[in-house]
Amino acid sequence: MTDSASPASTRPVKTRFAPSPTGYLHIGGARTALFAWAYARRHGGKFVLRIEDTDVERSTPEAVQAILDGMQWLGLAHDEGPYYQMQRMYRYKEVIGQMLAAGSAYHCYMSKEDLDALRAAQEARKEKPRYDGSWRPEPGRILPTPPSGVQPVVRFRNPTEGVVAWDDQVKGRVEIGNAELDDFIIARADGTPTYNFCVVVDDWDMGITHVIRGDDHVNNTPRQINLLKALGAPVPLYAHLSMILGDDGTKLSKRHGAVSVMQYDEDGYLPEAVLNYLARLGWSHGDDEIFSMAQFVEWFDLDHITSSAAQFNTEKLNWLNAHYIKQTDDARLAQEIRRRLAREGVTDTAAPDPAAIAALYKDRVQNLNELADAAHPFYVAPLPAPELLAQHLGDGAKAALADLRSRLAGAEFVSDALAKILKETLAATGLKMPQVAIPLRVVVLGQTQSPAIDRVLAVLGRDEVLRRLDRALA
RNA sequence: GUCCCUAUCGUCUAGAGGCCUAGGACAACACCCUUUCACGGUGUGAACCGGGGUUCGAAUCCCCGUGGGGACGCCA
């Protein structure tokens with residue numbers, strides 16, 4: 001048995017991102033969302049956000065918010081939803097009722113304890129653990145009498161023969177024998193429906209044509225296809241994305257590497273950089289490495305998704321981030337400087353203009369926090385470390401700085417003029433540029449390294465430069 | 001244990017039988033630029049998991065190993 005011809009390809013494209021709100025949006029989920037979003041955009045279709053919150057124990061409103069925040073930060077806007085599965089209970093119950101009536105589902109009274117014992121016995125025999133069908137109705141078969149006081153679960157009457165197959169848009173054709181599957185539970189004893197069932201009803205009701213999701217769902221796909229067929233619903237196309245491994249090649253977990261996308265904001269990454277990085281992680285377009293989301297949407301296809309797992313590489317992300325920071329206009333970077341400095345309690349950023357500082361540093365930093373760190377001494381006069389002073393502020397250097405100070409008093413504070421004055425001091429003292437520039441940097445910024453010192457002085461401004469010079473020479 | 005997926009430089013990848021002496025990017029290294037450090041520029045080293053087939057020809061197709069991953073829940 002193969003796919004019943006599904007009209008998926010003739011329906012308007014509709015994809016979905018369906019996270020369960022049991023934690024934040026992590027990098028793997030973000031990539032899945034990005035691909036599903038891009039596919040819908042690429043084909044002029046719709047992108048649905050669906051919150052799979054049927055696990056009442058673990059779902060939290062905070063997690064829902066975290067996912068929404070993450071999507072917003074990335075700029076992945078949905079066209080429909082968010083739908084909440086808990087709000088669709090009436091529909092699930094309706095479909096379960098229909099299936100029970102049609103005989104494609106049945107009540108099972110096996111207790112959890114008996115089920116566990118069954119599984120344990122099967123594992124002891126080195127068999128694949130599965131339900132044994134003891135409550136499955138068959139023609140001519142007499143079922144046991146339901147025990148009193150036991151609330152039954154509802155199981156799907158899975159076909160016992162043949163194979164389920166689909167042409168996975170990433171992995172190619174996948175076939176799984178029905179003999180490998182068992183009659184899985186679609187409604188718990190308390191009546192709440194389970195994952196595989198909700199997904200199927202939702203994908204059907206919402207008209208999902210392309211299911212783009214993580215690799216870990218490959219094993220659910222044959223069950224969902226069987227369910228879809230039992231319901232007479234069209235079977236969507238499936239594309240299973242392989243997982244993203246941590247920087248060290250091991251699986252991402254909450255304890256290890258699977259950080260919230262919002263952590264990237266915290267760490268100074270631009271969403272453009274994260275998006276571009278994610279787009280290239282598991283998908284490619286020839287040799288292209290740097291591209292906008294508009295370009296990505298134009299290029300994105302399922303054919304060029306890699307089928308093997310990819311290892312996350314922070315260094316490449318850093319490179320992209322540095323690139324995007326260079327491209328970003330100074331006004332936006334100034335906002336980022338303000339926001340990040342404020343986190344450290346530096347709120348007075350009136351002067352110098354943070355945009356001027358951004359211009360000075362944007363092509364030498366890898367992330368926004370470095371940019372803010374660079375800006376910090378412009379607002380808070382640094383206390384140069386004693387070692388630096390000892391190393392760089394000898395008598396010769398002090399004399400040179402004193403000479404410079406006297407020339408600076410009446411100078412115009414623009415970099416060209418300042419560069420000229422610096423050269424005058426070199427001529428007067430016979431020193432080389434680094435012999436003056438480095439002590440100057442130490443005194444003015446508390447660091448031995450900075451952009452061209454004339455530009456730094458110009459941005460810092462006369463009053464502040466003279467004040468810092470005087471303090472050091474006192 | 002059973003089932004499923006997977007395998008090209010350290011990493012992300014190009015590659016759909018001859019265009020491959022395997023290309024690009026990050027990282028590394030070297031040199032250049034330089035007012036320090038970066039940025040930038042140029043260049044170098046670096047890979048088809050192993051074994052069998054198929055074919056005139058295989059990184060590309062098939063099989064078997066091996067490695068890696070996933071699934072086997074009244075979680076999603």
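Each chain gets a letter, A, B and so on, in the order the sequences are listed, and its residues count up from 1.
- The base of B:U35 sits with one of its N or O atoms less than 3.5 Å from a complementary donor or acceptor on the side chain of A:Arg441.
- The side chain of A:His304 lies closest to B:G15 when the candidates are B:U2, B:G15, B:A76.
- The pair A:Arg119-A:Asp132 does not meet the salt-bridge criterion, since no charged nitrogen lies less than 4.0 angstrom from a carboxylate oxygen.
- Nucleotides B:A59 and B:G18 are separated by 13 Å at their C1' atoms, to the nearest Å.
- Ion pair A:Glu123/A:Arg125 not flagged as a salt bridge, since none of the NZ, NE, NH1 or NH2 atoms sits closer than 4.0 Å to an Asp/Glu carboxylate oxygen.
- As judged by a 4.0 angstrom heavy-atom cut-off over every strand, A:Ala452 is placed among the base-contacting residues.
- Taking the P atom of each, B:A30 and B:A38 are spaced 12 Å apart, rounded to whole Å.
- Across B:A27 and B:C12, the matching C1' atoms stand 11 Å from one another, rounded to whole Å.
- Rounding to whole angstrom units, CZ of residue A:Arg130 and P of B:A71 are separated by 18 Å.
- For the pair A:Asp182 CG and B:G73 P, the computed distance is 7 Å after rounding to whole Å.
- Nucleotide B:A71 holds its P atom 12 Å from the NE2 atom of A:His240, rounded to whole Å.
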### Query
Could you walk me through whether A:Asp454 and A:Lys420 pass the salt bridge (Lys or Arg N to Asp or Glu O under 4.0 Å) check?
CA-CA 9 Å; A:Asp454 46 13; A:Lys420 217 173 133 205; over 6 Å; no
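- At least one side-chain nitrogen or oxygen of A:Arg188 sits closer than 4.0 Å to the OP1 or OP2 atom of B:A76.
- Side-chain atoms of A:Asp202 and A:Trp204 include no donor-acceptor pair closer than 3.5 Å.
- A straight line from CG of A:Asp215 to P of B:C4 spans 14 Å, rounded to a whole angstrom.
- Comparing B:U35, B:A7, B:C74 by their closest approach to the side chain of A:Ser308 singles out B:A7.
- Rounded to a whole Å, the CD atom of A:Glu180 is 7 Å from the C1' atom of B:U2.
- Remark: A:Asp167 engages A:Arg173 in a salt bridge, criterion side-chain N to carboxylate O under 4.0 Å.
- When the nucleotides B:C4, B:U36, B:U11 are ranked by their closest atom to the side chain of A:Gln311, B:U11 comes out on top.
- In the set B:C39, B:G24, B:C5, the nucleotide with an atom closest to the side chain of A:Asp287 is B:G24.
- Of all nucleotides listed (B:A76, B:G73, B:G24), B:G73 comes nearest to the side chain of A:Arg119.
- You'll find the side chain of A:Asp183 stays beyond 4.5 Å of the side chain of A:Phe156, heavy atoms only.
- Nucleotides B:G43 and B:G23 have their P atoms positioned 14 Å apart, rounded to a whole Å.
- Judged by atom type and distance alone, A:Glu127 does not reach the base of B:G1 through any side-chain donor-acceptor pair under 3.5 Å.
- Here the nucleotide nearest the side chain of A:Gln449, chosen from B:C4, B:U36, B:A76, is B:U36.
- Applying the Watson-Crick and G-U wobble criteria (two distances, each under 3.5 Å), B:C29 pairs with B:G43.
- Remark: A:Arg280 fails to qualify as a cation-pi partner of A:Trp299 under the 6.0 Å distance and 45° angle criteria applied to the six-membered ring.
- Using a 4.0 Å heavy-atom distance criterion, A:Pro19 is classed as making no nucleic acid contact.
- Atom C1' of B:C31 sits at a distance of 22 Å from the matching atom of B:G24, rounded to the whole Å.
- A sub-4.0 Å separation between OP1 or OP2 of B:C74 and a side-chain N or O of A:Thr192 is absent.
- Taking only side-chain atoms of A:Lys326, from C-beta outward, the nucleotide of B:C39, B:C5, B:C75 with the closest atom is B:C39.
- Nucleotides of RNA chain B nearest to A:Lys126 and A:Arg455 differ in position, and the one nearer the 5' end is that of A:Lys126.
- Across all strands shown, A:Ile185 has heavy atoms under 4.0 Å from base atoms, whether or not it also approaches the sugar-phosphate.
- Evaluation of atom-type donor-acceptor distances gives no pair under 3.5 Å for the side chain of A:Asp216 against the base of B:A76.
- With both ends at atom P, the span from B:U60 to B:C48 equals 12 Å, rounded to whole Å.
- Searching all strands for a Watson-Crick or G-U wobble partner of B:U54 with both distances below 3.5 Å returns nothing.
- Between the C1' atom of B:G24 and the CG atom of A:Asp288 lies a distance of 10 Å, rounded to the nearest Å.
- Between B:G67 and B:A28, the two C1' atoms lie 26 Å apart (nearest whole Å).
- At the heavy-atom level, A:Lys171 lies under 4.0 Å from the strands shown only through sugar-phosphate atoms.
- Within the nucleic acid shown, A:Thr54 comes within 4.0 Å of sugar-phosphate atoms alone, with no base atom in reach, counting heavy atoms only.
- Within the 4.0 Å cut-off from OP1 or OP2 of B:A14, at least one side-chain nitrogen or oxygen of A:Ser284 is found.
- B:C72 is paired with B:G1 under the Watson-Crick or G-U wobble criterion, all donor-acceptor distances under 3.5 Å.
- For the pair A:Arg155 and A:Tyr131, the cation-pi test (distance below 6.0 Å, angle within 45°) is passed.
- Nucleotide B:U36: unpaired (no Watson-Crick or G-U wobble partner with both distances less than 3.5 Å).
- Across all strands shown, A:Gly282 has heavy atoms under 4.0 Å from sugar-phosphate atoms exclusively, and none from any base.
- Rounded to whole Å, atom P of B:C4 lies 19 Å from atom OH of A:Tyr238.
- Closest to the A:Lys128 side chain, of the nucleotides B:A25, B:U2, B:U35, is B:U2.
- For B:U8 and B:A25, the C1' atoms lie 15 Å apart once the distance is rounded to whole Å.
- Along RNA chain B, the nucleotide closest to A:Glu289 and the one closest to A:Pro129 are compared, and the more 5′ of them pairs with A:Glu289.
- Side-chain proximity of A:Asn220 to the nucleotides B:C12, B:C5, B:A76 is greatest for B:A76.
- Side-chain N/O atoms of A:Thr306 include one lying less than 4.0 angstrom from OP1 or OP2 on B:U13.
- Figure legend: A:Arg88 and A:Tyr84 shown without cation-pi pairing, the cationic atom not lying both under 6.0 angstrom from the six-membered ring centre and within 45 degrees of its axis.
- Shown here, B:C49 forms a base pair with B:G65; the pair counts as Watson-Crick or G-U wobble because both key distances fall under 3.5 Å.
- Within 6.0 Å of NZ on A:Lys423 lie no more than 12 heavy atoms contributed by other residues, nucleotides or ligands.
- At the heavy-atom level, A:Val153 lies under 4.0 Å from base atoms of the strands shown.
- You'll find that the side chain of A:Ser307 is closest to B:A7, out of B:C74, B:A7, B:C12.
- A straight line from NZ of A:Lys362 to P of B:G40 spans 14 Å, rounded to a whole angstrom.
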